[in-house]
Enquirer: 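Please see the structure below; I have some questions.
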Amino acid sequence: GMTHQCSATTGHRTPKNMSQQPTIIERSAKEENIMAKKILLKPVLKWVGGKRQLLDQILPLIPESSTYVEPFVGGGAVLLAKQPENAIINDYNSELINVYECVRDHTDELLDLLHSHAEKNSADYFYSIRAQDREPNFKERSPVQRAARIIYLNKTCFNGLYRVNSAGQFNSPYGRYNNPAIENRPAIRALAKYLSGNIKILCGDYELALQNLDKDSFVYLDPPYMPISSSASFTGYTEGGFDYNEQLRLKNNCDKLASQGIKFLESNSDCEEIRELYKDYKIISVSANRSINSRADRRGAIKEVLIDGR
């Protein structure tokens, strides 16, 4: 593990001039926060296609930018590892975006509700909460109630994955974990603090996040992947009907970014269609261990590519 170093060893002390003071305080606070940030600021939700296993391959390819843009934010692993000061994030999934907004705007109430879920957690309780989105008045529940429900189900369901059926209803079974981190207070507070900064949160088609970007922006695209086989195309990966025509539209948007001089990086599956679509770009092969299959023997390295539009 990391050895804890005394902060006095991190550099020489500068005399505290009043005029200089803010920058000194900022910098030392930043240095001291790096470890805390890395521990606390991680995804609150586990999401299909999450990028945690690929971070060490993705992060070095993300340059400094005036605005970091993530049009398919999902669980936000890359965003939270990078922690840009200015960002625009978007997702098509309104329940997911509602979680981010409630973490930011209703932190205390959300934590109270999660505490209550944690105290009542059991298989029966899980299935009663899971069934709520089948009720006709589900949408009348308050945003913070819906957000607490999603986080609770995500922390306690099998494999911890947000998965819906074709009717958009949550359908992962109960996971029977001994001690799920349902109310992860430090993580939620850290995320609330981060999202309260200059982070613009959008919900809808990814093109929303690509409007009027300035040249120094950087865009990381993590779309629903092109399915490699018919078995891979279960609902999680094609939410919102992201078919080949959608892949084509995305490629056109990448060309548009390139023509505007805006740098981007895109994750996708390693298959002929994608390699053909992006043949004018540099393509980097990566492999991720994806636990999206409940049958252990089918888990394995899924080949992915990074399309380098830098």
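All residue numbers refer to positions in the sequence shown, counting from 1.
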Enquirer: Indicate whether any N or O donor in one side chain lies under 3.5 Å from an N or O acceptor in the other, for Glu266 and Tyr278.
Expert: yes
Enquirer: With a 4.0 Å cut-off on N to O distance, would you call Arg146 and Glu140 a salt bridge?
Expert: no
Enquirer: Would you say that Ile150 contacts Asn98 through its side chain, given a criterion of any heavy-atom pair below 4.5 Å between the two side chains?
Expert: no
Enquirer: Over all heavy atoms of both residues, which pair between Asn154 and Val44 is shortest? Give the atoms and the distance, please.
Expert: OD1-O, 4.3 Å
Enquirer: Please name the pair of heavy atoms, one in Leu80 and one in Gln83, separated by the smallest distance, quoted to 0.1 Å.
Expert: O-NE2, 2.9 Å
Enquirer: Does anything in residues 254-263 form a salt bridge (Lys or Arg N to Asp or Glu O under 4.0 Å)? List the pairs, not counting sequence neighbours.
Expert: Lys251-Asp255
Enquirer: Looking at Gln211, I'd like to know if its CD atom is crowded, meaning that more than 12 non-hydrogen atoms belonging to other residues, nucleotides or ligands lie closer than 6.0 Å.
Expert: yes
Enquirer: Under a 3.5 Å distance rule, please check whether Tyr68 uses its side chain to pair with a backbone N or O of Ile89 as donor and acceptor.
Expert: no
Enquirer: Using residues 199-210 as the side-chain source, report each donor-acceptor pair under 3.5 Å to any protein atom, sequence neighbours left out, with the distance given to one decimal.
Expert:
{"from": "Asp205", "atom 1": "OD1", "to": "Arg249", "atom 2": "NH1", "distance (Å)": "3.4"}
{"from": "Asp205", "atom 1": "OD1", "to": "Arg249", "atom 2": "NH2", "distance (Å)": "2.6"}
{"from": "Asp205", "atom 1": "OD2", "to": "Glu207", "atom 2": "N", "distance (Å)": "3.0"}
{"from": "Asp205", "atom 1": "OD2", "to": "Arg249", "atom 2": "NH1", "distance (Å)": "3.1"}
{"from": "Tyr206", "atom 1": "OH", "to": "Leu250", "atom 2": "N", "distance (Å)": "3.4"}
{"from": "Tyr206", "atom 1": "OH", "to": "Asn253", "atom 2": "ND2", "distance (Å)": "3.1"}
{"from": "Glu207", "atom 1": "OE2", "to": "Arg249", "atom 2": "NH1", "distance (Å)": "2.9"}
{"from": "Glu207", "atom 1": "OE2", "to": "Asn253", "atom 2": "ND2", "distance (Å)": "3.0"}

Enquirer: Are Asp214 and Ser66 linked by a side-chain donor-acceptor pair shorter than 3.5 Å?
Expert: yes
Enquirer: To the closest 0.5 Å, what do you measure between CD1 (Ile274) and CG (Asn268)?
Expert: 3.5 Å
Enquirer: Any chance you could lay out the side-chain contact (heavy atoms from CB on, under 4.5 Å) test for Leu114 and Leu110, step after step, and finish with the verdict?
Expert: CA-CA 6 Å; Leu114 288 173; Leu110 179 65; 4.2 Å; yes
Enquirer: According to ring pair (Phe, Tyr, Trp, His ring centres under 6.0 Å), who are the partners of Tyr194, at least two apart in sequence or on a separate chain?
Expert: none
Enquirer: Please round to the nearest 0.5 Å and tell me the distance separating atom CD of Gln132 and atom CD of Gln169.
Expert: 13.0 Å
Enquirer: Does a side-chain heavy-atom distance below 4.5 Å link Pro63 with Arg310?
Expert: yes
Enquirer: Less than 4.5 Å apart, side chain to side chain, heavy atoms only: is that true for Val69 and Phe264?
Expert: no
Enquirer: State whether the side chain of Gln247 and the backbone N or O of Pro224 hold a donor-acceptor pair below 3.5 Å, judged by distance alone.
Expert: yes
Enquirer: Return yes if some donor-acceptor pair links the side-chain N/O of Asn198 with the main-chain N/O of Glu85 below 3.5 Å, else return no.
Expert: no
Enquirer: Quick check: does any side chain N or O of Tyr127 sit under 3.5 Å from a backbone N or O of Tyr174, one acting as donor and the other as acceptor?
Expert: yes
Enquirer: Would you mind checking if Lys279 and Glu276 are paired as a salt bridge, meaning a charged N to carboxylate O distance below 4.0 Å?
Expert: yes
Enquirer: Looking only at atom types and distance, does a side-chain atom of Lys46 sit under 3.5 Å from a main-chain N or O of Gly75, one as donor and one as acceptor?
Expert: no
Enquirer: Decide if atom CZ of Arg176 counts as having more than 12 heavy atoms of other residues, nucleotides or ligands within a radius under 6.0 Å.
Expert: no
Enquirer: So do the side chains of Thr156 and Ile129 get within less than 4.5 Å of each other, counting heavy atoms only?
Expert: no
Enquirer: Measure the CG-CG distance between Leu265 and Asp222 for me, rounded to the nearest 0.5 Å.
Expert: 9.5 Å
Enquirer: Among all residues two or more places apart in sequence or in another chain, which pass the side chain to side chain contact (heavy atoms under 4.5 Å, CB included) test with Ser196?
Expert: Arg104
Enquirer: Once rounded to the nearest 0.5 Å, what's the spacing between atom CD of Glu64 and atom CG of Asp216?
Expert: 12.0 Å
Enquirer: Considering non-hydrogen atoms only, spot the tightest contact between Leu113 and Val144 and give its length.
Expert: CD1-O, 3.7 Å
Enquirer: side-chain contact (heavy atoms from CB on, under 4.5 Å) for Cys254 and Ile307? Distances and angles first, verdict last.
Expert: CA-CA 10 Å; Cys254 288; Ile307 296 139; over 6 Å; no
Enquirer: Not counting sequence neighbours, list each pair that qualifies as a salt bridge (Lys or Arg N to Asp or Glu O under 4.0 Å) and has a residue in residues 108-120.
Expert: Asp108-Arg189
Enquirer: Check for a donor-acceptor pair, side chain of Arg52 on one end and backbone N or O of Ala77 on the other, with a separation under 3.5 Å.
Expert: no
Enquirer: Kindly compute the distance separating CD1 (Ile182) from OH (Tyr177), expressed to the nearest 0.5 Å.
Expert: 12.5 Å
Enquirer: Stepwise, does the side-chain contact (heavy atoms from CB on, under 4.5 Å) test hold for Asp91 with Tyr100?
Expert: CA-CA 11 Å; Asp91 203 275; Tyr100 289 133; over 6 Å; no
Enquirer: Answer whether the closest heavy-atom distance between the side chains of Ser267 and Lys51 falls below 4.5 Å.
Expert: yes
Enquirer: Answer yes or no: is there a side-chain heavy-atom contact under 4.5 Å between Arg275 and Ser285?
Expert: yes
Enquirer: Decide yes or no for Phe138 and Arg149: does some side-chain heavy atom of the first lie under 4.5 Å from some side-chain heavy atom of the second?
Expert: yes
Enquirer: With salt bridge (Lys or Arg N to Asp or Glu O under 4.0 Å) as the criterion, how do Lys139 and Glu95 come out once you've worked through the C-alpha distance, each side chain's angles and the decisive distance to 0.1 Å?
Expert: CA-CA 10 Å; Lys139 284 290 177 200; Glu95 291 296 322; 3.0 Å; yes
Enquirer: CZ of Phe218 to CG of Leu257: how many Å apart, nearest 0.5 Å?
Expert: 10.0 Å
Enquirer: Hey, are the side chains of Leu213 and Thr67 touching, using non-hydrogen atoms and a 4.5 Å cut-off?
Expert: no
Enquirer: Among residues at least two apart in sequence or on other chains, which ones pass ring pair (Phe, Tyr, Trp, His ring centres under 6.0 Å) with Tyr125?
Expert: His117, Tyr152
Enquirer: Looking only at heavy atoms, which two atoms of Asn121 and Pro180 are closest? And how far apart?
Expert: ND2-CG, 3.8 Å
Enquirer: So which heavy atom on Phe170 is nearest to which on Cys157, and how close?
Expert: CZ-SG, 3.9 Å
Enquirer: Ignoring hydrogens and angles, tell me if any N or O in the side chain of Gln57 forms a donor-acceptor pair with the backbone of Leu54 under 3.5 Å.
Expert: no
Enquirer: Can you give me the closest heavy-atom contact between Ser65 and Ser217, atom names plus distance?
Expert: CB-C, 4.0 Å
Enquirer: Quick check against the 3.5 Å criterion: does Arg130 have a side-chain atom that pairs as donor or acceptor with the backbone of Leu153?
Expert: no
